[in-house]
Each structure stands twice: as structure tokens, then as C-alpha cells.
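Scroll down for the structure; my scribbles are underneath it.
By convention in this document, chain letters (A, B, ...) are assigned in the order of the sequence lines, proteins followed by strands, and residues within each chain are numbered from 1.
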2 protein chains.
Amino acid sequence: MAGTKARALTKEQAQLIARALADPRRVEILKQIGSCDCVACGNVRECQPISAATLSHHLKELETAGLIEITREGKFARLALRRDTLEAYRSYLADI
Amino acid sequence: MAGTKARALTKEQAQLIARALADPRRVEILKQIGSCDCVACGNVRECQPISAATLSHHLKELETAGLIEITREGKFARLALRRDTLEAYRSYLADI
DNA sequence: TCATCAATTCGACATGCATCGAAATGTCAA
DNA sequence: TTGACATTTCGATGCATGTCGAATTGATGA
């Protein structure tokens, strides 16, 4: 169908996403990133009681899963939710 | 909307489901249960190279998450996929 | 250049969890 | 009752991972 551009996920991709979503803190981070744009690591840390090291680790997991995109801008990291990946995972679940 | 009866999940429920889906073996089991009805533990074991103890553990996790229903019939356990829960989780993800 | 700040990497630790074999429980048929 | 079979529980083991502090990298401004 034209318009529904959710590509199919491989099992490996789906598993990466599932693992990423299995940690409640990462889901909270995802929600925050999705709620507005122009999010930097510091913004997330203001709302989550975790160390910078831990946050960095979580962000890498989310990026590896394809759930967020991290673009570096000078000192800061701009975080953006990748809704296409989330949508693809929803389709994957629908096929169960 | 009448017809879309997916109840909203609490964070705790969503997390149980996410954790249950984070193990690839459990996803395979879910797919098998969903593909046909009248599934017993033995049927699953024929397709999954795991011990009975491990399978029982996974089934309990899936049941706790609300993703399957286990009804005992004599010696056997009848396993059924709960698509309503899966659908509720898909809605949860859509709200991120 | 130097100090400062954002973010990452490193090393270590504690907890969680998938897995198994063995023992237990429960059910059916002879 | 007894034996065979399906499933569960128990206890142990090994690996994965969330977490942190400390050290590092990288960029900006004084």
C-alpha cells in the first residue's frame, strides 16, 4: 500500500528494538524525546535521575535499535525519535 | 470507538509485556501459539530446542504479562494467544 | 593556550534472568 | 494401586545488563 511505508523488520532488528523497549527508563527517555524536538542529553538528565554515563549508555542502545537519531551539534547532541522504526515494530507485532 | 476495545495499559503492565517480548524465544513461542489453536506444551517443544523446565518458565512469563492464556485440560495445558493484550501494547507504543 | 562544560568511554560491581537436571505434582489408563 | 506421561517447582549456574565514578574526548569562549 502506498503511504504505509513501514519497512519489514528482520528478527534481529525486532529483537534489538524489543530489548531497547524492555527497560522502563529507556521508554521514559523515548517519550520525552518524542514529546518535543530540540532535545539534548542535558534536557533528559533534568527529568531522569541517572548519571551521565548511564544516560549515554541508554542513548546508544536506543540508537543501535534505530529508535532515535543522534546528531551532534557542537558540544551538544540533538536527539530525535524515529517514529518510522516504532511504526515498523508495531507492524511486526501485528503480524504475530 | 466501538469495536476497538483495546484497554489502556498501565506502565507496569506495559513493562511486563515489553520484558516478555524482549526474549526472542518467547516471541517464537507466541508466534507458534498464534498460528494455530489447540497448542499444548509438547507441541511447542517439538519446535523449540529447550527443556521442559525452561519452556514452563517462559510460559509463565507470557501468562503473567497477559500475552497468553493457559487453561489446563487433564494432563495437557491449552495455550492461547491473547491478541487483545498484544493490541493494547501496540496502542501503548503508538502513544509514545 | 587554558579553563570549562557536554558527552563518551572505561572498569567494576550488583542484580536479573535464561537455562538446565532432578525432584515433585498431577492426570490418566490398565 | 501402579505405571507412564505432561507439566511444574526447586536449586544452581553462567551470562547479560543497568548502574556508577573516574578518566577521556571534543568543542567553545576567555
Classify Arg19(A) by what it touches in the nucleic acid, base, sugar-phosphate, or nothing, heavy-atom distance under 4.0 Å. sugar-phosphate
Nearest heavy-atom approach of Leu67(B) to Leu81(B) is O-CD1, 3.4 Å
d(Leu86(B) CG, Arg83(B) CZ) to nearest 0.5 Å is 7.5 Å
Applied to residues 52-80 of chain A, the salt bridge (charged side-chain N to carboxylate O under 4.0 Å, His left out) test, sequence neighbours excluded, yields Glu73(A)-Arg78(A)
note: His57(A), atom NE2; dC10(C), atom P; distance rounded to Å ~ 14 Å
* Asked: Has Lys75(B) got a side-chain N or O lying under 4.0 Å from the OP1 or OP2 atom of dA29(C)?
  -> no
Query raised in the report: When you look at NZ of Lys31(B), are more than 12 heavy atoms from neighbouring residues, nucleotides or ligands closer to it than 6.0 Å?
Result: yes
To the nearest angstrom, the CD1-P distance between Ile29(A) and dA7(C) comes to 13 Å
By nearest-heavy-atom nucleotide on DNA chain C, the more 5' of Phe76(A) and Ala53(A) is Phe76(A)
Note to self: So, does Arg72(A) get its side chain near the phosphate of dA6(C), meaning an N or O under 4.0 Å from OP1 or OP2?
What the structure shows: no
Between CG of Leu16(B) and C1' of dC17(C) the distance, given in whole Å, is 14 Å
### Query
Contact class for Ile50(B) vs. all strands (heavy atom < 4.0 Å): base, sugar-phosphate, or nothing?
sugar-phosphate
Between CG of Leu55(B) and C1' of dT19(C) the distance, given in whole Å, is 12 Å
Whole-Å distance, Arg25(A) CZ to dG16(C) P, equals 14 Å
**Asked** Base, sugar-phosphate alone, or nothing: which one does Arg26(B) contact when heavy atoms must sit under 4.0 Å apart?
**Response** sugar-phosphate
ask   = Between His58(B) and dT19(C), is there a side-chain N or O to OP1/OP2 distance below 4.0 Å?
value = yes
Bounded by its outermost nucleotides with an atom under 4.0 Å from a heavy atom of chain B, the footprint on DNA chain D reads dC5(D) to dT9(D)
From the candidates dA7(C), dC20(C), dA18(C), the one with an atom nearest any side-chain atom of Asp23(B) is dA18(C)
Whether Arg26(A) side chain and Leu21(A) backbone form a donor-acceptor pair below 3.5 Å: no
For Ala77(A), which contact category applies under a 4.0 Å heavy-atom criterion: base, sugar-phosphate, or nothing? sugar-phosphate
Rounding to 0.5 Å, atoms CZ (Arg7(B)) and CD (Glu87(B)) come to a distance of 10.5 Å
Item to complete: For Gln32(B) and Asn43(B), indicate whether the former's side chain and the latter's backbone hold a donor-acceptor pair under 3.5 Å.
Response: yes
